[in-house]
Amino acid sequence: MRFSRSLVPTLREAPREAEIVSHRLMLRAGLIRQQAAGIYSWLPLGLRVLRRIEQIVREEQNRAGATEILMPTIQSADLWRESGRYDAYGKEMLRIRDRHERDMLFGPTNEEMVTDIFRTYVKSYRDLPLNLYHIQWKFRDEVRPRFGVMRGREFLMKDAYSFDLDEAGARTAYNRMFVAYLRTFARLGVKAIPMRADTGPIGGDLSHEFIILADTGESAVFCHRDYLGFDIPPADFDFQDTAALQATVDRWTSLYAATEEMHEEAAYAAVPEADRLSARGIEVGHIFYFGTKYSAPMGATVTGPDGKEHQVHMGSYGIGPSRLVAAVIEAWHDDAGIKWPDAVAPFDATILNLRVGDAATNEACERLYRELGAAGREVLYDDRDERPGGKFATADLLGIPWQIIVGPKSLAEGNVELKRRQTGERETIPLEAVAARIA
Ligand SMILES: Nc1ncnc2c1ncn2[C@@H]1O[C@H](COS(=O)(=O)NC(=O)[C@@H](N)CS)[C@@H](O)[C@H]1O
């Protein structure tokens, strides 16, 4: 993408209303624009990050055996009347009337709708287990949306829903999602710790929140420090091996970890002083087992091996990709700006032309831009007629992992300078060696 022909509306200063660093940096880097309270447009670089996060979430859901669908944002109130949540959900639900005066709503979550899809098509235990997920915008009329996209009113959510014949099957489904979440957040470059959580309006009696430790986290969390060093399940983890699934979940729930709602001082006091970690946390994922809470009122049953009708046991599993854009910044930034992990950066590299208009630097930059593009690299070419200092500051703010600095002096010797944004390390290498070096 050429800087001069795109839209990267950077700001020198963050607007006063931005209270936390990720909100300040997202505005200064031109990633989002607020359209209304808690409602944002995603500008080019912000959208690129959101899509890369989405894709990693999708890959790990698929690896765990979940099947992607896409449900609408607008839902009929009738479904919510069946489950009894239409009135219970309260003011957070955006209620709509269509031209025929039918009660509709902008979906805050999709348990009812996915149960309706399930009961339409699935009749036998032989069709289980099943896990359906989608990545879709939600609306929750938060009384106090704040911290930018961290707590929005319209936000992106991956929500998955599992269906099993009985509780044992549903717990295996829960364990599959638990392991998938450990892998997902690690691939996003953040450390998320699973903590026992409250179930709230979703319901059920088994729930974990996945929390990223960050100074600006909304909730206080308490856990054993050893979690920070636990290994992540490998890419070839066998999601059919129920024993391996249970062993992984047991290991990741063996030490103390709780959000403030579930915190027990006595249990925490039993943790050796040196191993106690209390911090602020950002909830980036939340998983629930709630049995027949929806299948009972909505008549979602299958014929079991005994020939009898059984209400299916369900769970739901949410991740917030739009919240994660902010959460990753909270985990990866410095005074100069964002430091994107490679896996989610809006671009792999940015070319800084230090003398636009000079034939040699222009030619070298154009050649690099073509070559890297041909090699499948995503590149932001800063071709603005701007002084070097401004380009360096913008590159540091945008946080793209590799800066390729093309200046007349080094170029005269056939070289360019590379800077690794995460570490600040610099090296001078021949122009021809760049593609291989940043692969
Ligand atoms: N207001 C919000 N802004 C941004 N992300 C949010 C917001 N509310 C929730 N999320 C994200 O969505 C995830 C799931 O939300 S949730 O309410 O915990 N769970 C559900 O809605 C269940 N239906 C899971 S499928 C949260 O872990 C969080 O990452």
Side-chain angles (χ1 to χ4, degrees), residues 57 60-62 64-72 75-76 78-86 88-89 93 107-136 138 157-181 194 196-210 239-240 242 245-246 249 285-306 308-320:
V57 169
E60 294 306 322
Q61 290 294 292
N62 295 345
T67 303
E68 186 168 12
I69 59 174
L70 181 62
M71 293 177 269
Q75 304 183 22
S76 160
D78 296 345
L79 281 178
W80 289 68
R81 289 190 176 110
E82 282 193 60
S83 70
R85 280 209 297 183
Y86 188 58
Y89 212 89
M93 179 179 279
T109 183
N110 284 66
E111 279 80 3
E112 285 78 0
M113 185 173 280
V114 79
T115 302
D116 178 51
I117 292 174
F118 175 88
R119 70 181 174 186
T120 303
Y121 302 109
V122 184
K123 306 294 182 192
S124 165
Y125 77 98
R126 289 189 178 82
D127 302 321
L128 302 180
L130 180 64
N131 179 327
L132 299 175
Y133 78 94
H134 71 158
I135 303 176
Q136 180 56 288
K138 304 288 189 291
M157 187 197 293
K158 181 286 298 178
D159 36 320
Y161 303 89
S162 62
F163 304 87
D164 287 272
L165 177 62
D166 51 29
E167 178 168 349
R171 283 180 180 276
T172 298
Y174 187 94
N175 290 350
R176 284 199 182 98
M177 287 286 97
F178 190 107
V179 172
Y181 278 40
R196 282 177 301 113
D198 192 5
T199 54
I202 303 294
D205 59 3
L206 168 63
S207 174
H208 284 90
E209 284 180 18
F210 287 75
F239 282 90
Q240 303 314 312
T242 50
L245 284 163
Q246 192 59 55
V249 172
H286 197 161
I287 62 177
F288 306 77
Y289 163 67
F290 43 67
T292 59
K293 176 170 192 252
Y294 299 93
S295 56
M298 298 184 71
T301 61
V302 294
T303 308
D306 56 5
K308 297 194 182 95
E309 285 305 293
H310 297 261
Q311 292 164 352
V312 289
H313 283 246
M314 292 174 60
S316 68
Y317 315 89
I319 286 181

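These numbers were taken from a predicted model, which means no experiment stands behind them.
Between M71 and I117 there is a side-chain heavy-atom pair separated by less than 4.5 Å. Side-chain contact between L245 and V249: absent, with no pair of heavy atoms (C-beta onward) separated by less than 4.5 Å. Within the 4.5 Å cutoff, side-chain heavy atoms of W80 are placed close to those of P108. Residues Q311 and T301 meet the side-chain proximity criterion, which asks for heavy atoms closer than 4.5 Å.
Closest of all the heavy-atom pairs between L70 and Q136 is CD1-NE2, 3.5 Å. Residues Y289 and A170 come closest through the heavy atom pair CE1-CB, 3.4 Å. Contact record, E112 with L79: CG-O, 3.7 Å, taken as the closest heavy-atom pair. D164 and L128 make their closest contact through C-CD1, 3.6 Å (heavy atoms, listed as atom of the first residue, atom of the second, distance). Minimum heavy-atom separation, E209 to A197: CG-CB, 3.3 Å.
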Could you go through F118 and V302, starting from their C-alpha distance and side-chain angles, then the distance that decides it, and tell me whether this counts as side-chain contact (heavy atoms from CB on, under 4.5 Å)?
CA-CA 10 Å; F118 175 88; V302 294; 3.9 Å; yes
Y317 vs K158, test: side-chain contact (heavy atoms from CB on, under 4.5 Å). Steps then yes/no.
CA-CA 8 Å; Y317 315 89; K158 181 286 298 178; 3.8 Å; yes
Just do the side-chain contact (heavy atoms from CB on, under 4.5 Å) check on N131 and M177 with the steps written out, would you?
CA-CA 10 Å; N131 179 327; M177 287 286 97; 3.6 Å; yes
Any chance you could lay out the side-chain contact (heavy atoms from CB on, under 4.5 Å) test for T303 and E309, step after step, and finish with the verdict?
CA-CA 5 Å; T303 308; E309 285 305 293; 2.7 Å; yes
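Looking at residues two or more places apart in sequence or on another chain, you find a side chain to side chain contact (heavy atoms under 4.5 Å, CB included) between T242 and T172. In terms of the side-chain hydrogen bond (donor to acceptor under 3.5 Å, both in side chains) criterion, T292 has no residue partners (sequence neighbours excluded). For D159, the side-chain hydrogen bond (donor to acceptor under 3.5 Å, both in side chains) criterion is met by H134, K138, Y161, not counting sequence neighbours.
Aromatic ring centroids of F178 and H208 lie under 6.0 Å apart. Note: Y181 and F210 meet the aromatic proximity criterion, with ring centroids under 6.0 Å apart.
With rounding to the nearest 0.5 Å, the separation of CD in Q240 from CZ in R176 is 5.0 Å. Separating the CZ atom in R196 from the CG atom in L206 is a distance of 11.0 Å, to the nearest 0.5 Å. Taken from CG in D166 to CZ in R171, the straight-line distance is 11.0 Å, to the nearest 0.5 Å. Atom CE in M93 sits 7.5 Å away from atom CD in Q75 (nearest 0.5 Å). To the nearest 0.5 Å, atom CE of residue M157 and atom OH of residue Y133 are 15.5 Å apart. Of the inter-residue distances, the one linking S162 atom OG with H313 atom NE2 reads 11.0 Å to the nearest 0.5 angstrom.
Judged purely by atom type and a 3.5 angstrom limit, S316 has no side-chain atom pairing as donor or acceptor with the backbone of F288. Between the side chain of S207 and the main chain of I287, a donor-acceptor pair closer than 3.5 Å is present.
Side chains of Y294 and D116: no donor on one and acceptor on the other come within 3.5 Å.
A salt bridge links R85 with E111: at least one charged nitrogen is closer than 4.0 Å to a carboxylate oxygen.
More than 12 heavy atoms of other residues, nucleotides or ligands shown are found within 6.0 angstrom of CZ on R81.
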